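Quick caveat, the model's predicted, so the values are computed rather than measured. Note: hydrogens, waters and symmetry copies are ignored here, and every other heavy atom, side chains too, is used. Naming: A, B, ... by sequence-line order, numbering from 1 per chain.
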Amino acid sequence: MEIIIEEVTRGHKLLGRHKFLTNKVSIGRGYQNDIILADPHVCPEHVIIEYVNEQWQVLDQQSVNGTFLNETKQTADQHIIHSGDIIQLGKSKIRVIFPSHPVEQSISFTPFEGLIDFVKQPLVLALNISFFAFVTGVMFYLNQAADVNISQYLVRAVGATIMFALWPGLVALISVLTKNDARIVAQLAISFVLFNLMWLSDVLENIIEFNVSSNWSIGWITSILPVVLAFALFWFNSYVGFQVSEKRRLVLASSLTALLFGGSFLVQLSNKPEFNYRPNYDATVMVPAFRFAPSSSIEKFARDSSTLFAKTENTIHTDK
Amino acid sequence: MKSIFVCLLLCVSQISAAAEQAEQIFKQLAPSLYQIRLIDKASGEKSSIGSGFQISADGLIATNYHVVSGFANYPNKYRIEYLDNQGNKAPLRLMSVDVINDLAIVKRTQTHDMPYFNIATQTPIKGEQLYSLGNPHDLGMIVVPGTYNGLKIESFNDRIHFTGSINPGMSGGPVVNAQADVVGINVATSGNQMGFLVPHDKLVALYQAFQQHPPKNIKQQITHQLHENQAKLVSTLLKSQWQLKQLGPAMVPIIQAPFIRCWGESNADKPDAIALAVVANCALEEDTYIHSHFDTDTVEMEFKYLKSKKLSDLKFYHIYQQHISRAGPGNKASKEDVTEYQCHHDLVNAGADKITTKSIFCTRAYKKFPNLFDVLYIGASVDKDDQALVSHFTLSGVTEKSAMAFTRKFMESISWK
């Protein structure tokens, strides 16, 4: 009879798989066994799985630590095996599978595979990382009051790039620790693409704030974009790094995004003063080349501003 | 020879007469002078003091509004009492106020008619000797002689310029001429023997208004006075000449009114500045005090021209944005007095090659004085790559109508040359 015996981790992840065409499989630490385990809590002759009376059965060989069934304290000795059962011996686990065991449907490649292959290419990756470093350098330059040495810009840019590279590095590390492929290059590639998209969304946000009057409340669009990009980042990190179900990936990405933005939102809220004596207004200005929107007349501006008076008076009544 | 001798004799007698007069005045008027005290009810101790003087036989006493402003705004927290020259204390009732001229009328109870100060019928002559009475630093009644120098030219609301050492604590006390008639009320000092008085005609007006229509509600009376003052102030500003002056390559309006004072500066002398900055600002030098954390009727305007010196346009605009991000109100207010600001912004073109700006307008409403607001405006030019003009003003205690009339005229007056 054919039988498949898998060595699995405590989290039931596959370590090794053996297929036998036999009626008897011996498992233990001794080298005479069909499956040789290294766990010191396993006896040299620990358990035998035997095909008897058209059924596979577990026979414990009077082992010191015993043999247990499916995570329970119930002994597996004499147990009739069902396909998929997990037997615990010592600190190790084995799973028994029959050839008739059903397998899940095949998953076709998504367009994401193609995307990841594209950004993984050395040239594309190098371009993305350089672009990120360049933008960081430019941001530093813009914020300096006086001109500084160009090497300072370089140091900042490279430093920031390395710091941001720690995130895909961390994800890859966690992948490895959970018995997945690290895929560090893919993680770096996809992360830097999204970091660059975040810079671009910042610029887009500024352009919109500069051009659009406060009559249009589209501010929410520009604040949603970073959230969407962060979600995409976390989603791709888990797509590349972990073998989890689609649903789980969505939950994971959503939770991380909520944590990131929820956390920073809470911090902002806690720092807000109880009463603001100063006006809170949008002061975004950009070089004239970025001014696309038509301007209003002074009269229109005056009319729009007049509506503020009634608005502020209403807050007196709502406060009371 | 004889004439010179006679002159000398006359001069000497005048000087000694002045000294005698001061003594006489003090003796004669002491019973009608009071220390006015604001008592914090919770602790039972005085929280502020000033001076006051009786103006009618039936117990009306005049003082400054700011001496009793605590009670006027928080009547449950304070009570007013007087201390007379005999050391007696008794409560006072607040009857009427004039916040614009910093005056108040309070009333004492009395069993019989009492002596009071006469208020003069004519203004003094420039150089005339006057005597300021009051209770400085809680030290007891004193007389401070000084000189009448006419009305302060740069005031919007009339104030007399008095050279004499008025001290804190003398606020609300009378200033009398040689005939012991009141010609002014102590209101402020700017140190070094420079003091300011409210002219007596303001007190006369307040007293007469009180006799004819005593106010039912002090808050309503203050609201009415603020409304009137802001209407007068803004319409005077709008009717004054708005002279266009050049600031860099821009033309900005400088209001030519005696009560608006302007100052300017630039950093042209600093060689390592990254951008040239030229600033002109104009402001009304007085305001209306409502209480210790709240003043109003302020006007300020600022114009700033920036020019990049060897900066890239991107960096210039980045720094420019920081210059316009932190505008604030021109007056003090607490959260019980005003709401938070609400703002509107837009790109505005003043028409046909004048100037294109990102304009921001903010306003906040007064909680206790209906239909009055503080407003703030910033206009930041966005049509030149390496230069910028920032135009800014704040007004406080104005109605919507006044605010918008001023805003329109302000925005229309600004342009590139």
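- Between B:Y377 and A:F301, the two ring planes are perpendicular [angle over 60°; tilted spans 30° to 60°].
- Other residues, nucleotides and ligands place more than 12 heavy atoms under 6.0 Å from the CZ atom of A:F292.
- With a threshold of 4.5 angstrom between heavy atoms, B:F373 approaches chain A through side-chain atoms but not through N, CA, C or O.
- Taking a cutoff of 4.0 Å between a charged side-chain nitrogen and a carboxylate oxygen, B:K358 and A:D282 qualify as a salt bridge.
- Note that CZ of B:R408 and CD of A:E299 are 4.0 Å apart. Values are rounded to the nearest 0.5 Å.
- Only the side chain of B:V375 comes within contact range of chain A, with at least one heavy atom under 4.5 Å from a heavy atom of that chain.
- Heavy atoms only, all atoms of each residue included: B:Q342 and A:L308 are closest at O-CD1, 3.5 Å.
- The environment of A:I150 atom CD1 is sparse: at most 12 non-hydrogen atoms of other residues, nucleotides or ligands sit within 6.0 angstrom.
- One finds the OG1 atom of B:T339 at 6.5 Å from the CZ atom of A:F275 (value rounded to the nearest 0.5 Å).
- Taking a 6.0 Å sphere around NZ of B:K309, one finds it holds more than 12 heavy atoms contributed by other residues, nucleotides or ligands.
- Proximity to chain A (any heavy atom under 4.5 Å) is shown, for B:M411, by both the backbone and the side chain.
- Using a 4.5 Å cut-off between heavy atoms, B:N371 contacts chain A through both its backbone and its side chain.
- Within the 4.5 angstrom heavy-atom criterion, atoms from both the backbone and the side chain of A:T284 approach chain B.
- If you measure heavy-atom distances from B:I360 to chain A, the contacts under 4.5 Å come from both the backbone and the side chain.
- In this structure, B:D374 CG and A:Y277 OH are separated by 13.0 Å, a value rounded to the nearest 0.5 Å.
- With a threshold of 4.5 angstrom between heavy atoms, B:E412 approaches chain A through its backbone and through its side chain.
- Both the backbone and the side chain of A:R278 come within less than 4.5 Å of a heavy atom in chain B.
- For A:F140, the CZ atom is densely surrounded, since the number of other residues' heavy atoms within 6.0 Å is greater than 12.
- Of the listed residues (B:L311, B:D313, B:D385), the greatest number of heavy-atom pairs within a distance under 4.5 Å of chain A belongs to B:D385.
- For B:S381, no part sits under 4.5 Å from any heavy atom of chain A, backbone or side chain.
- Remark: A:R249 CZ is packed, more than 12 non-hydrogen atoms of other residues, nucleotides or ligands lying under 6.0 Å away.
- In this structure, the portions of B:A327 lying under 4.5 Å from any heavy atom of chain A include both its backbone and its side chain.
- Between chain B and the residues A:V138, A:N143, A:N211, the most heavy-atom pairs under 4.5 angstrom are made by A:N143.
- For the pair B:Q321 and A:A283, the tightest heavy-atom approach, listed with the atom from each and the gap, is CG-O, 3.3 Å.
- Looking only at side-chain heavy atoms (C-beta outward), B:F316 and A:V287 stay at 4.5 Å or farther from each other.
- Here the OG1 atom belonging to A:T312 is positioned 11.0 Å from the CZ atom belonging to B:R364, to the nearest 0.5 angstrom.
- Relative to the six-membered ring of A:Y141, B:K315 meets both conditions, a distance below 6.0 Å and an angle of at most 45° to the axis.
- The local environment of NZ in B:K232 is crowded, with over 12 non-hydrogen atoms from other residues, nucleotides or ligands closer than 6.0 Å.
- Among B:S325, B:G328, B:C362, the residue with the largest count of heavy-atom pairs under 4.5 Å with chain A is B:S325.
- Both the backbone and the side chain of B:I324 come within less than 4.5 Å of a heavy atom in chain A.
- No more than 12 heavy-atom neighbours from other residues, nucleotides or ligands sit within 6.0 angstrom of CD on B:E265.
- Contact detail for B:H345 and A:V212: the closest heavy-atom pair is NE2-O, 3.0 Å.
- In terms of non-hydrogen atom pairs under 4.5 Å with chain B, the most contact-rich of A:P279, A:A302, A:S297 is A:P279.
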**Request:** Carefully, step by step, assess B:T399 and A:F309 under the rule side-chain contact (heavy atoms from CB on, under 4.5 Å).
**Result:** CA-CA 9 Å; B:T399 57; A:F309 293 95; over 6 Å; no
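- Only the side chain of B:T356 comes within contact range of chain A, judged by heavy atoms closer than 4.5 Å.
- Atom CD1 of A:I298 sits about 7.5 Å away from atom OG1 of B:T357, to the nearest 0.5 Å.
- The local environment of CZ in A:F118 is sparse, with at most 12 non-hydrogen atoms from other residues, nucleotides or ligands closer than 6.0 Å.
- Using a 4.5 Å cut-off between heavy atoms, A:N280 touches chain B through its backbone atoms (N, CA, C, O) alone.
- Separating the NE2 atom in B:H344 from the CG atom in A:D304 is a distance of 4.0 Å, to the nearest 0.5 Å.
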